[in-house]
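What follows is a single structure, written as structure tokens, with notes after it.
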Amino acid sequence: MAKTPAQRIKKHGAKAVVPQHELPPVINPSTKRTPQKAQSNSNLILIAGVVASLFLFWYLHLLTLNQLTQLSGGLAMPDSLVGGFDQRFVEQLRTAMDQDARGQLNYVHKTAGTLFPLIFGFSWLLLIGTNVARKSWRWALWAIPLVFAAVRLWGNATIDAMMSAETVDAGQVALASGLTVAGWVLLLLSLLAGAAAVFLGRKPAPSAAQPAGHAHP
């Protein structure tokens, strides 16, 4: 029967040979997170976010809000009016849309109308963050999609309140119109900010190596 290390030392003293046992490594080398892998994961999330943003824009503005015009006698929804709207238009729209139609507009705002600015804003933050290294530039570009998301959500709530109010309030109409115009302008600026981030993130191509033995004078 094999002796334990304590028994070996007791019998042979300092000359005892105690076998050494190696502990297995704690960290699995195969799970190391390389910068290339982290960048690849970030790119996958970014691509998914951009695709989702494009789909939600199509679903919200080109499909759902356009279909709601069937419930308003052909009048466009306030969200679709890039140039804003006035009190006369709102009165016509409220007259054309019954309570159920207004409820459907409110439901659209709570679903796709909320998801689009949030997912778009997150995707653009990631796009800018992965391409712009300079902190001051990054924060300046980040501000645009952040403000866009906040303005769009605020605009949704203001339009719903305007449509469900007992009477049309001129100040409320002006606020809803201003937020709608600002939302479209900020969406355009966000797209430009994303393009600028991609441009700033491009690294200059490495210069060709000089042939061996050729030295500058």
Side-chain angles (χ1 to χ4, degrees), residues 26-66 76-84 108-159 175-211 216:
V26 177
I27 301 176
N28 185 355
S30 63
T31 61
K32 288 183 178 178
R33 182 179 176 88
T34 62
Q36 291 79 7
K37 186 176 181 180
Q39 182 65 32
S40 177
N41 292 340
S42 177
N43 289 338
L44 290 176
I45 297 174
L46 177 59
I47 292 172
V50 172
V51 171
S53 298
L54 291 174
F55 170 77
L56 286 170
F57 179 86
W58 168 82
Y59 177 79
L60 175 62
H61 289 284
L62 304 181
L63 181 64
T64 308
L65 292 179
N66 189 43
M77 295 299 103
D79 314 57
S80 304
L81 299 174
V82 181
V108 170
H109 285 160
K110 290 181 177 179
T111 53
T114 299
L115 289 175
F116 169 64
L118 291 179
I119 293 179
F120 176 86
F122 170 78
S123 302
W124 252 242
L125 290 179
L126 184 59
L127 172 66
I128 295 168
T130 54
N131 284 279
V132 181
R134 190 172 178 179
K135 189 174 181 179
S136 58
W137 278 103
R138 189 165 64 243
W139 277 105
L141 294 175
W142 268 348
I144 302 175
L146 284 173
V147 175
F148 162 75
V151 167
R152 283 298 298 264
L153 295 176
W154 187 12
N156 289 344
T158 305
I159 290 174
L175 176 60
S177 177
L179 290 173
T180 300
V181 174
W184 283 105
V185 172
L186 287 167
L187 177 60
L188 177 60
L189 292 178
S190 296
L191 295 175
L192 295 176
V198 173
F199 176 78
L200 292 173
R202 288 182 178 178
K203 297 180 180 179
S207 57
Q210 294 182 351
H216 289 287

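Because the structure is a prediction, the values reported are computed rather than measured.
Minimum interatomic distance between Ala193 and Leu141 (heavy atoms only, all atoms of both residues): CB-CD2, 3.9 Å. The shortest non-hydrogen separation linking Gly113 to Pro117 is O-CD, 3.0 Å. Nearest heavy-atom pair, Ala182 versus Val151, reported as atom, atom and distance to 0.1 Å: CB-CG1, 4.1 Å.
Distance check, rounded to the nearest 0.5 Å: CG of Leu191 to CG of Leu186 gives 11.0 Å. Separating the CD1 atom in Ile47 from the CG atom in Asn43 is a distance of 6.0 Å, to the nearest 0.5 Å. Here CG of Leu81 is found 9.5 Å from CH2 of Trp184. Values are rounded to the nearest 0.5 Å. How far OG1 of Thr114 is from CD1 of Ile119: 10.5 Å, rounded to the nearest 0.5 Å. Residue Leu46 holds its CG atom at 11.0 Å from CG of Leu125, rounded to the nearest 0.5 Å.
Here Ser190 pairs with Phe120, Trp124, Ile144, Pro145, Phe148 under the side chain to side chain contact (heavy atoms under 4.5 Å, CB included) rule; sequence neighbours left out. Partners of Asp79 according to the side chain to side chain donor-acceptor pair (under 3.5 Å) rule, which considers only residues two or more places apart in sequence or in another chain, are His109.
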Identify all side-chain donor-acceptor contacts of residues 55-64 below 3.5 Å with residues at least two apart in sequence or on another chain.
unit_1	atom_1	unit_2	atom_2	d
His61	NE2	Arg152	NH2	3.2
Thr64	OG1	Tyr59	O	2.8

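A donor-acceptor contact shorter than 3.5 Å links the side chain of Arg138 to the backbone of Ala133. No donor-acceptor pair closer than 3.5 Å links the side chain of Ser177 to the backbone N or O of Gly84.
The number of heavy-atom neighbours closer than 6.0 Å to CH2 of Trp142, taken from other residues, nucleotides and ligands shown, is above 12.
Tested against Pro78, the residues Thr158, Ile159, Leu65, Asn156 include a single side-chain contact (heavy atoms from CB on, under 4.5 Å) partner, Ile159.
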